[in-house]
A.B. asks: 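Dropping the structure in here first, questions after.
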Amino acid sequence: MAQEQQPGRRTVLGAAVLSAAGAAALGPATAARAEEARGRGRELPVPLVVAHRGTSGYRPEHTLGSYQLALDMGADVIEQDLVPTKDGHLVCRHENDITATTDVADHAEFAGRKTTKTVDGVELTGWFTEDFTLAELRTLRAKERIPKQRQHNTLYDGRWQVPSFEDVLKWAEREGRRRGRPVWLHIETKHPTYFRKLGLGLEKPLARLLRQYGRHKAHSPNFVQSFEPSSIEKLGELVDCPGVVLLSTAGSRPWDFVEAGDPRTVKDLITPEGLKWISRFAAGIGPTLDLVIPRKADGSLGEPSTLVRDAHAAGLVLHPYTMRNENSFLPANFRRGTDPNAYGDAFGAFKAYLETGIDGIFSDNPDTALLAAAEFREKG
Ligand code: G3P
Ligand code: CA
């Protein structure tokens with residue numbers, strides 16, 4: 001049955017992007033997923049705003065303080081990156097190397113845990129979550145990742161712990177009750193193949209927790225995401241939450257493809273055939289913004305690619321990443337002044353990206369993104 005469109009709000013998945021003719025052209029499984037999605041996304045606006053690692057533009061990332069501020073700002077969805085501990089718990093960190101985002105280096109009792117490892121082909125020296133129990137990690141405090149660029153955020157260094165994913169689920173449950181509506185999460189499995197080889201696979205404990213908290217259904221307020229398509233496929237066998245395949249630069253290769261000897265790169269995945277393949281097991285893609293509007297040689301924005309059109313034709317939504325307000329992260333034509341850490345014309349950049357027809361956007365600055373998205377909907 002067709003769903004009515006609310007003014008200024010479209011469904012998150014499928015309905016915004018699928019015409020009846022388009023749906024008919026898709027395989028039955030994809031069309032069925034899009035159809036199912038029509039009925040479940042009415043709580044969220046399009047384009048939606050995903051608070052990237054919480055409010056990482058204002059608070060140390062992946063802390064309950066960062067997530068709470070995102071919720072208070074009105075972010076539509078709040079992102080968690082997940083890595084495991086030695087005893088199999090999932091914790092919210094962008095990397096398993098916690099050197100830059102915690103005070104672990106100040107803990108003499110953990111000095112001997114400093115080590116060198118190769119993660120997804122990259123050699124790293126530091127302290128790693130898989131060498132700590134959850135109880136040990138709870139003795140650490142989170143700190144700002146880029147203190148030189150975001151000096152204001154260092155005010156909050158040491159205030160919060162590294163949250164476990166279960167802490168976040170409890171927080172979301174509590175806040176959902178308080179607000180009278182669910183807290184949406186966008187949950188990423190980090191380095192899933194690497195951890196599977198260590199006997200610390202991410203998908204099963206994640207699915208177990210989602211089930212335990214009643215978030216495993218197609219209409220539950222979650223997306224699951226990964227740079228490794230096979231992780232989304234595995235999660236699809238365990239839970240019904242919509243999956244989003246993250247796509248890095250065109251020349252890059254998902255690490256599970258490297259390990260499996262699959263020669264395809266992101267360039268292959270963003271062709272109509274590649275997108276059709278993704279649509280067999282995922283509801284969307286999360287491309288880097290440069291795949292949506294490539295930058296010219298001088299760093300300014302060029303012309304939009306055909307990715308939005310092609311992904312929509314395959315029945316996929318797009319949640320690209322990551323918009324940040326500082327000059328150093330913005331396309332050259334939206335920078336203002338010479339201070340790389342000062343804000344540029346972020347609204348101008350948001351407008352350019354939103355006009356491509358994307359369905360959502362990850363941002364370190366959800367408040368700016370929400371204003372930009374609201375303005376876009378009003379004018380659109
Ligand atoms: O998950 C979307 C975006 O966060 C991907 O980039 O490296 O920040 O996890 P990353
Ligand atoms: Ca992420």
Side-chain angles (χ1 to χ4, degrees), residues 12 47-63 66-67 70 75-84 90-98 100-101 119-122 124 129 142 144-146 149-150 162-163 165 168 184-195 202-203 206 222-229 231-232 235 241-250 252-256 266 269-270 278 282-292 307 311 316-326 328-329 353 358-366 369:
V12 173
L48 59 82
V49 170
V50 186
H52 187 240
R53 311 179 196 172
T55 39
S56 44
Y58 312 111
R59 298 287 185 272
E61 68 188 40
H62 288 315
T63 58
S66 182
Y67 300 150
D76 301 306
V77 186
I78 301 175
E79 192 207 22
Q80 290 77 44
D81 295 316
L82 299 184
V83 291
L90 300 178
V91 292
C92 302
R93 290 287 93 188
H94 180 259
E95 301 93 357
N96 49 330
D97 178 355
I98 50 173
T101 62
V119 181
D120 297 359
V122 179
L124 301 165
T129 58
E144 172 55 42
R145 164 192 296 282
I146 45 175
Q149 286 105 314
R150 291 176 171 166
V162 172
F165 184 54
V168 174
W184 279 76
L185 306 177
H186 216 306
I187 308 153
E188 181 180 351
T189 55
K190 282 286 181 196
H191 312 298
T193 298
Y194 168 84
F195 286 120
L202 299 166
E203 293 84 6
L206 171 55
N222 311 301
F223 299 92
V224 291
Q225 40 156 343
S226 185
F227 281 104
E228 296 188 18
S231 184
I232 296 303
L235 280 166
C241 311
V244 173
V245 172
L246 299 171
L247 300 168
S248 186
T249 53
S252 66
R253 211 166 145 212
W255 189 253
D256 54 340
V266 165
L269 295 183
I270 57 175
I278 291 173
I285 56 171
T288 180
L289 282 165
D290 289 352
L291 291 177
V292 176
L307 184 57
L316 296 165
V317 293
L318 298 94
H319 295 169
Y321 65 92
T322 299
M323 255 299 292
R324 301 176 167 102
N325 287 356
E326 291 94 347
S328 58
F329 299 113
Y353 289 124
I358 57 177
D359 305 274
I361 191 160
F362 283 82
S363 178
D364 285 7
N365 306 92

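Counting starts at 1 for both ligands and their atoms, in listed order. Predicted model, so just to flag it, every value in this text is computed and none were measured.
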A.B. asks: Decide yes or no for Val168 and Cys92: does some side-chain heavy atom of the first lie under 4.5 Å from some side-chain heavy atom of the second?
C.D. replies: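 Yes - at least one pair of side-chain heavy atoms lies under 4.5 Å apart.
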
A.B. asks: With side-chain hydrogen bond (donor to acceptor under 3.5 Å, both in side chains) as the criterion, how do Thr101 and Arg93 come out once you've worked through the C-alpha distance, each side chain's angles and the decisive distance to 0.1 Å?
C.D. replies: CA-CA 8 Å; Thr101 62; Arg93 290 287 93 188; 2.9 Å; yes

A.B. asks: Could you check if a side-chain atom of Pro366 sits within less than 4.5 angstrom of a side-chain atom of Tyr58, using non-hydrogen atoms only?
C.D. replies: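 They are in side-chain contact.
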
A.B. asks: Is the ring pair His186/Phe223 parallel, tilted or perpendicular, if the boundaries are 30 and 60 degrees?
C.D. replies: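 If you compare the ring of His186 with that of Phe223, the planes turn out parallel.
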
A.B. asks: Tabulation required: pairs of a nitrogen or oxygen in ligand 1 and a protein nitrogen or oxygen under 3.5 Å; columns are atom names and distance to 0.1 Å; otherwise 'none'.
C.D. replies:
residue: ligand 1; atom: 1 (O); partner: Glu79; partner atom: OE2; Å: 2.9
residue: ligand 1; atom: 1 (O); partner: Glu188; partner atom: OE1; Å: 3.0
residue: ligand 1; atom: 1 (O); partner: Gln225; partner atom: OE1; Å: 2.6
residue: ligand 1; atom: 4 (O); partner: His52; partner atom: NE2; Å: 2.7
residue: ligand 1; atom: 4 (O); partner: Glu79; partner atom: OE2; Å: 3.1
residue: ligand 1; atom: 7 (O); partner: His94; partner atom: NE2; Å: 2.7
residue: ligand 1; atom: 8 (O); partner: His52; partner atom: NE2; Å: 2.8
residue: ligand 1; atom: 8 (O); partner: Arg53; partner atom: NH2; Å: 2.7
residue: ligand 1; atom: 8 (O); partner: His94; partner atom: NE2; Å: 3.4
residue: ligand 1; atom: 9 (O); partner: His94; partner atom: NE2; Å: 3.3
residue: ligand 1; atom: 9 (O); partner: Glu188; partner atom: OE1; Å: 3.1
residue: ligand 1; atom: 9 (O); partner: Lys190; partner atom: NZ; Å: 2.7

A.B. asks: Tyr321 side chain to Leu247 main-chain N or O, any donor-acceptor pair under 3.5 Å?
C.D. replies: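 Yes: the side chain of Tyr321 pairs with the backbone of Leu247.
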
A.B. asks: Tally every protein N/O/S atom whose distance to the Ca ion (ligand 2) is less than 3.0 Å; waters are neither shown nor counted.
C.D. replies: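 Considering protein N, O and S only, the Ca ion (ligand 2) has 3 within range.
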
A.B. asks: Regarding Arg150 and Glu61, does a basic nitrogen lie under 4.0 Å from an acidic carboxylate oxygen?
C.D. replies: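 Salt bridge flag = no for Glu61 with Arg150.
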
A.B. asks: Under 4.5 Å between any side-chain heavy atoms of Val266 and Leu291, yes or no?
C.D. replies: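 In short, these two side chains touch, coming nearer than 4.5 Å.
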
A.B. asks: So does Gly57 get a backbone contact from the side chain of Thr55, meaning a donor-acceptor N/O pair under 3.5 Å?
C.D. replies: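 Between the backbone of Gly57 and the side chain of Thr55 there is no qualifying donor-acceptor contact (under 3.5 Å).
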
A.B. asks: After noting the C-alpha distance and the side-chain angles of Ser328 and Gln149, does the key distance pass the side-chain hydrogen bond (donor to acceptor under 3.5 Å, both in side chains) rule?
C.D. replies: CA-CA 9 Å; Ser328 58; Gln149 286 105 314; 5.4 Å; no

